[in-house]
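Just below is one structure, and these are the notes that go with it.
Since we're looking at a predicted model, the values are computed, not measured.
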Amino acid sequence: MEIDPRIVLPGDVINVDTESTVVLGPGLRQEGDEVVATKAGILRHLETGNKWWIESNQKRYIAATGESVIGTVTAKMTEYFRVDIGTAHSATLPLLSFEGATKRNRPNLPLHSLVYCRVAMANPDMEAELECVNPQTGKADGFGELVGGYVFKCSLGLCRRLLNPNTPILTLLGQHFPFETAVGMNGRVWINSEEVKNTTLIANAILNSEYLSTAECKQMVQELINKL
């Protein structure tokens with residue numbers, strides 16, 4: 001990831017080559033031939049796919065197309081589920097947006113179950129639409145119902161850092177505990193391990209790591225191991 005430490009404010013023009021293929025993420029909008037910031041934060045750029053977005057620690061999640069989220073099923077309709085992903089309005093998850101789903105073979109998710117989804121469509125004036133398949137492969141690729149485990153909320157900034165391979169806390173914890181994790185960009189993290197006490201320890205370590213350096217994360221994990 002190419003990190004640009006530039007801090008931008010709403011209305012700032014971002015120097016992006018719009019003649020090539022560009023993917024604009026949260027906080028950026030194209031106006032004519034210019035790309036303009038719509039919120040304050042740190043400008044980020046990912047060379048793979050030429051993706052640009054603004055990273056900020058806002059309180060409420062705003063859905064953006066292509067982002068992975070963790071939601072809770074709140075209602076089941078004839079053709080779709082209603083899912084709470086932390087936005088101002090609930091999102092919709094069509095029954096046929098699962099791997100292998102057909103009109104005769106539909107998924108049966110109980111109320112309050114957790115699902116790991118991808119935002120298929122997001123518009124400020126409409127409910128977000130979700131899907132549980134990778135659009136490039138047509139396979140689930142990890143999306144779907146999350147069974148067991150524990151989900152907790154954290155800041156949106158921490159979730160984005162957890163998705164960065166260079167973030168040390170998950171690697172450090174993985175050296176001592178086998179566990180599964182799913183990180184939603186809507187401020188929710190799901191953890192599942194062999195023992196409840198390990199799941200609680202991992203969740204607390206992740207929450208405490210938000211403002212720690214790599215050395216401090218190592219020290220914290222070692223202290224937690226020594227207490228077991």
Side-chain angles (χ1 to χ4, degrees), residues 1-2 20-28 44-53 55 61-74 76-77 79-87 89-110 112-124 126-151 153-154 156 158-167 170-171 174 178-192 206:
M1 176 181 291
E2 178 185 323
S20 58
T21 302
V22 179
V23 178
L24 299 181
L28 295 175
R44 299 293 190 190
H45 178 224
L46 185 64
E47 291 184 352
T48 305
N50 198 16
K51 300 178 181 178
W52 295 80
W53 73 96
E55 183 177 292
Y61 172 68
I62 300 175
T65 302
E67 292 188 340
S68 302
V69 295
I70 295 175
T72 305
V73 176
T74 58
K76 181 179 180 180
M77 306 300 180
E79 299 294 335
Y80 60 88
F81 296 103
R82 284 201 176 277
V83 182
D84 172 25
I85 58 172
T87 50
H89 304 284
S90 60
T92 60
L93 176 60
L95 295 175
L96 298 180
S97 62
F98 291 78
E99 181 183 357
T102 63
K103 290 186 177 181
R104 290 189 176 183
N105 180 29
R106 299 186 177 191
N108 185 23
L109 298 178
H112 310 299
S113 57
L114 292 173
V115 285
Y116 189 46
C117 315
R118 175 185 177 275
V119 179
M121 183 180 67
N123 188 299
M126 298 172 58
E127 294 177 329
E129 183 176 315
L130 309 175
E131 60 184 1
C132 285
V133 292
N134 185 332
Q136 297 180 344
T137 63
K139 304 293 184 180
D141 289 347
F143 293 116
E145 184 181 5
L146 299 174
V147 181
Y150 170 68
V151 66
K153 296 181 180 180
C154 61
L156 302 185
L158 177 57
C159 281
R160 292 188 181 277
R161 283 192 288 276
L162 291 175
L163 291 170
N164 183 350
N166 297 324
T167 301
L170 295 180
T171 302
F179 67 94
E180 297 176 284
T181 182
V183 180
M185 299 185 79
N186 58 334
R188 299 176 185 178
V189 180
W190 176 80
I191 299 291
N192 190 25
I206 291 173

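- One N or O on the side chain of Asn186 and one on the backbone of Ile70 form a donor-acceptor pair closer than 3.5 Å.
- Here Tyr80 pairs with nothing under the ring pair (Phe, Tyr, Trp, His ring centres under 6.0 Å) rule; sequence neighbours left out.
- Comment: Glu79 does not engage Lys103 in a salt bridge, judged by the lack of any side-chain N to carboxylate O separation of less than 4.0 angstrom.
- Applying the side-chain contact (heavy atoms from CB on, under 4.5 Å) rule to Thr181 yields the partners Phe179, Val183, Val189, Ile191; only residues at least two apart in sequence or on another chain are considered.
- For residues 126-142, the pairs satisfying side-chain hydrogen bond (donor to acceptor under 3.5 Å, both in side chains) are Arg82-Glu127, Arg118-Glu131, Asn134-Asp141, Thr137-Asp141, with sequence neighbours left out.
- A donor-acceptor pair under 3.5 Å links the side-chain atoms of Asn50 to the main chain of Thr21, judged by distance alone.
- Looking at heavy atoms from C-beta onward, Thr92 lies out of side-chain contact with Val83 at the 4.5 angstrom threshold.
- The closest side-chain heavy-atom distance from Phe98 to Glu145 is not below 4.5 Å.
- Annotation: side chain of Val23 is not in contact with side chain of Trp52 (no heavy-atom distance under 4.5 Å).
- Dense packing is recorded around CE of Met77, with more than 12 heavy atoms of other residues, nucleotides or ligands lying under 6.0 Å away.
- With respect to Pro26, the side-chain contact (heavy atoms from CB on, under 4.5 Å) criterion is satisfied by exactly one of Arg44, Met185, Arg160: Arg160.
- Remark: the backbone N or O of Gly71 is not paired with any side-chain donor or acceptor of Asp84 at under 3.5 angstrom.
- Trp190 places no side-chain N or O within donor-acceptor distance of the main-chain N or O of Tyr116, the cut-off being under 3.5 Å.
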